[in-house]
S.K.: 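Mind looking over this structure? Questions follow.
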Amino acid sequence: MDRQQDKRKFIILGDVMLGRGVNEVTRKAPPTHVWGNTLDIIKSADYSLINLECALTYHEEQWDEFGKAFYFRADPGPAIAILRAANITCACLANNHILDFREEGLVDTLHFLDRAGICRAGAGRNLAEAREPAYRDVGGLKVGLMAFTDNEPSFAAGHESAGVNYVPIHVDTDQFNSLLESVSEAKQACDILIVSTHWGPNMVFRPSDEFREAAHRLVNAGADIIHGHSAHNFQGIEIYNGRPIMYSTGDFIDDYATDPIYRNDWSFIFVINLSGAEFESIDLYPVRVLYAQTNLAIGMESVLIVDRMESMCAEFNTRTVRQQNKLTIPIFEERARIA
């Protein structure tokens, strides 16, 4: 096959929260509004993945097992139109908001995503479905997606009850070892396996040693890409055994207040470039997350966002190259240099 024809582009985004204020805006605005001027880049993907940080449902009864501060629900019609406008391929549902409107809200979310042809992983009508990988053919390349979370243990799916694939990050437990076995099995069924995980505390600049060990074990078990989220701010990217570990991809669409230190309004479009099943590079396009809209960052703000990511990547000895409007991690060149 011609090398150019064998090129593929995977786009990975952080948390997409379409509820609350975003939902109010999108009841009146066109579905393209929330994507701002990022839409052309995102739509260029052969495969795109988000963490969907809300339920898609008209169900209004909230989860009341304990007092939650925030509940996120989006009207399914406008929300699906938003995801379709950006050609979103798949969504991670393993997070601490997918059951905000109880099992009914989760089941509605599954229904609307399935009807729209958007694949999903990490939550289901029972534990087996929550653990089940989602597979997609991407130009002849079989791509698998698994998802889990260490947030909200009360959201855990049971053998006969809806919920998330809950796995605490304790690397020497039977539960985590079972996850590693599932990753190995899923990898045998696909060319590229993505593990998406909503993990860790909010507003932290770097992963703990235990989280790094967990990510390394996931890669050793067969994960090709780790798509981390939950911290709300982005963290550095590590290239481990030639595989990208994105510990936190930050937020992408929301209505949140901005923390002046952690800057949850700063993030990236993460573009993974492949040739066949080989990783060539990651392009990072800095973005500014506004109220119900995200745009490419410009000027000094773009420089500051790139500065922070470059510094964080350096902590993992990850080589970066600055370009005019993005930061690039040259995976293939680094692998060839080391070899």
S.K.: Tell me whether the count of non-hydrogen atoms from other residues, nucleotides or ligands lying under 6.0 Å of CD1 in Ile298 goes above 12.
M.R.: no

S.K.: Looking at Phe211, is its backbone amide N or carbonyl O close enough to the side chain of Ser208 to form a donor-acceptor pair, meaning the two atoms are under 3.5 Å apart?
M.R.: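 At least one qualifying donor-acceptor pair exists.
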
S.K.: Going through the checks in order, is the side chain to side chain donor-acceptor pair (under 3.5 Å) test met by His111 and Asp108?
M.R.: CA-CA 5 Å; His111 166 75; Asp108 284 348; over 6 Å; no

S.K.: Can you give me the closest heavy-atom contact between Ser44 and Ile11, atom names plus distance?
M.R.: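 Looking at all heavy atoms of both residues, the closest pair is OG-CD1, 4.2 Å.
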
S.K.: Is any side-chain heavy atom of Val25 closer than 4.5 Å to one of Tyr291?
M.R.: yes

S.K.: Checking Asp254 against Arg20 for the salt bridge (charged side-chain N to carboxylate O under 4.0 Å, His left out) test, could you report, in this order, the C-alpha distance in whole Å, the side-chain angles of both residues, the deciding distance, and whether it holds?
M.R.: CA-CA 9 Å; Asp254 60 49; Arg20 209 167 57 179; over 6 Å; no

S.K.: Given side chains that start at C-beta, do those of Val195 and Ile225 come closer than 4.5 Å, heavy atoms only?
M.R.: no

S.K.: Once rounded to the nearest 0.5 Å, what's the spacing between atom CZ of Phe234 and atom CZ of Phe252?
M.R.: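 That separation rounds to 13.5 Å.
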
S.K.: State, yes or no, whether a side-chain contact exists between Glu280 and Leu274 at a heavy-atom distance under 4.5 Å.
M.R.: no

S.K.: Which is it for Ser267 and Asp251 under the side chain to side chain donor-acceptor pair (under 3.5 Å) test, yes or no, and what are the steps along the way?
M.R.: CA-CA 7 Å; Ser267 192; Asp251 295 339; over 6 Å; no

S.K.: Drop me the distance from Tyr247's OH to His227's NE2, to the nearest 0.5 angstrom.
M.R.: 15.0 Å

S.K.: Enter the distance from Leu18:CG to Asp75:CG here, rounded to the nearest 0.5 Å.
M.R.: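 So the gap between those two atoms works out to 10.5 Å.
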
S.K.: Would you mind reporting whether Ile192 and Phe279 have side-chain heavy atoms less than 4.5 Å apart?
M.R.: yes

S.K.: Run the salt bridge (charged side-chain N to carboxylate O under 4.0 Å, His left out) test on Glu238 and Arg243 for me, step by step, so that the C-alpha distance in whole Å, both residues' side-chain angles and the decisive distance to 0.1 Å come before the verdict.
M.R.: CA-CA 8 Å; Glu238 181 178 13; Arg243 301 292 185 261; over 6 Å; no

S.K.: Is there a path from Ile237 to Leu218 through hydrophobic residues (I, L, V, M, F, W, Y) whose side chains come within less than 4.5 Å of each other?
M.R.: no

S.K.: For Cys190, check disulfide (SG to SG under 2.5 Å) against everything at least two apart and list the hits.
M.R.: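 With sequence neighbours excluded, Cys190 shows a disulfide (SG to SG under 2.5 Å) to no residue whatsoever.
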
S.K.: Between Ser311 (side chain only) and Arg308 (backbone N and O only), is there a donor and an acceptor less than 3.5 Å apart?
M.R.: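 The answer is no, because no donor-acceptor pair under 3.5 Å joins these two groups.
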
S.K.: Assert yes or no for the condition that the ring centre distance of Tyr166 to Phe155 is strictly below 6.0 Å.
M.R.: no

S.K.: Atom OG in Ser302, atom CH2 in Trp266: separation rounded to 0.5 Å?
M.R.: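 Answer for the OG-CH2 pair, Ser302 versus Trp266, is 10.0 Å.
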
S.K.: Could you please spell out the steps behind the salt bridge (charged side-chain N to carboxylate O under 4.0 Å, His left out) verdict for Asp265 and Arg288?
M.R.: CA-CA 6 Å; Asp265 61 333; Arg288 174 76 184 280; 2.7 Å; yes

S.K.: Taking Ser184 for the side chain and Ala221 for the main chain, is one N or O donor matched with an acceptor at less than 3.5 Å?
M.R.: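 Judged by distance alone, yes, a pair lies under 3.5 Å.
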
S.K.: Is it the case that the side chain of Asn233 and the backbone of Val204 share a donor-acceptor pair, with hydrogens and angles ignored and the cut-off at 3.5 Å?
M.R.: yes

S.K.: Please determine whether a side-chain nitrogen of the Lys or Arg among Asp46 and Lys7 lies less than 4.0 Å from a carboxylate oxygen of the Asp or Glu.
M.R.: no

S.K.: Around Gln323, counting heavy atoms of other residues, nucleotides and ligands shown, do more than 12 lie under 6.0 Å from its CD?
M.R.: yes

S.K.: What's the separation between atom CZ in Arg8 and atom CD in Glu278, rounded to the nearest 0.5 Å?
M.R.: 11.5 Å

S.K.: Show the nearest heavy-atom pair for residues Gly200 and Ser230, with the distance to one decimal.
M.R.: O-OG, 3.4 Å

S.K.: Which atom pair, heavy atoms only, marks the closest approach of Ala257 to Asn264?
M.R.: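 Nearest pair, atom of Ala257 first, then Asn264: O-ND2, 3.0 Å.
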
S.K.: Does Arg217 reach the main-chain N or O of Val171 with its side chain, forming a donor-acceptor pair under 3.5 Å?
M.R.: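 It does hold such a pair.
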
S.K.: When you compare the side chain of Asp15 with that of His232, does any pair of heavy atoms fall below 4.5 Å?
M.R.: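 His232 vs Asp15: side chains touch.
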
S.K.: Would you verify whether the NZ or CZ of Lys9 falls within 45 degrees of the ring axis of Tyr47 while also being under 6.0 Å from that six-membered ring's centre?
M.R.: no

S.K.: Tell me if a side-chain donor or acceptor on Asn295 pairs with a main-chain N or O of Asn37 at a distance below 3.5 Å.
M.R.: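 Side chain of Asn295 to backbone of Asn37, a donor-acceptor pair under 3.5 Å: yes, one is there.
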
S.K.: A quick test of your reading: do over 12 heavy atoms of other residues, nucleotides or ligands sit less than 6.0 Å from OH of Tyr58?
M.R.: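 Yes - once you tally the heavy atoms of other residues, nucleotides and ligands closer than 6.0 Å, there are more than 12.
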
S.K.: Test side chain to side chain donor-acceptor pair (under 3.5 Å) on Thr328 and Asp283 and set out the steps.
M.R.: CA-CA 5 Å; Thr328 296; Asp283 291 325; 2.8 Å; yes

S.K.: Is the side chain of Glu132 donor-acceptor paired with the backbone N or O of Ala128 at a distance under 3.5 Å, no angle test?
M.R.: no

S.K.: Please say which of Asn96, Asn95, Thr149 ends up in a side-chain hydrogen bond (donor to acceptor under 3.5 Å, both in side chains) with His198.
M.R.: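 Per the side-chain hydrogen bond (donor to acceptor under 3.5 Å, both in side chains) rule, the option paired with His198 is Asn96, out of Asn96, Asn95, Thr149.
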
S.K.: Is it the case that atom CZ in Arg73 sees more than 12 heavy atoms from other parts of the structure closer than 6.0 Å?
M.R.: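 Yes, enclosed.
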
S.K.: Might you point out which heavy atoms bring Ala215 and Trp199 nearest each other, and give the distance in Å?
M.R.: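 Of all heavy-atom pairs spanning Ala215 and Trp199, the closest is CB-CH2, 4.0 Å.
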
S.K.: Of the non-hydrogen atoms in Val183 and Met146, which two are nearest, and what is the gap between them?
M.R.: CA-SD, 3.7 Å

S.K.: Asp255 side chain to Gly21 main-chain N or O, any donor-acceptor pair under 3.5 Å?
M.R.: yes

S.K.: Between Glu301 and Arg263, is the salt bridge (charged side-chain N to carboxylate O under 4.0 Å, His left out) condition met? List the steps.
M.R.: CA-CA 11 Å; Glu301 187 163 47; Arg263 297 307 304 254; 3.5 Å; yes

S.K.: Heavy atoms, side chains only, cut-off 4.5 Å: are Ile118 and Thr89 in contact?
M.R.: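 When only atoms from C-beta onward are counted, Thr89 and Ile118 do not touch, as no gap falls below 4.5 Å.
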
S.K.: Any chance you could measure Thr109, atom OG1, to His59, atom NE2, to the nearest 0.5 Å?
M.R.: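 Rounded to the nearest 0.5 Å, the OG1-NE2 separation comes out at 11.0 Å.
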
S.K.: One thing to verify: whether Lys142 and Asp191 come together as a salt bridge, which I'm taking to mean a side-chain N less than 4.0 angstrom from a carboxylate O.
M.R.: no

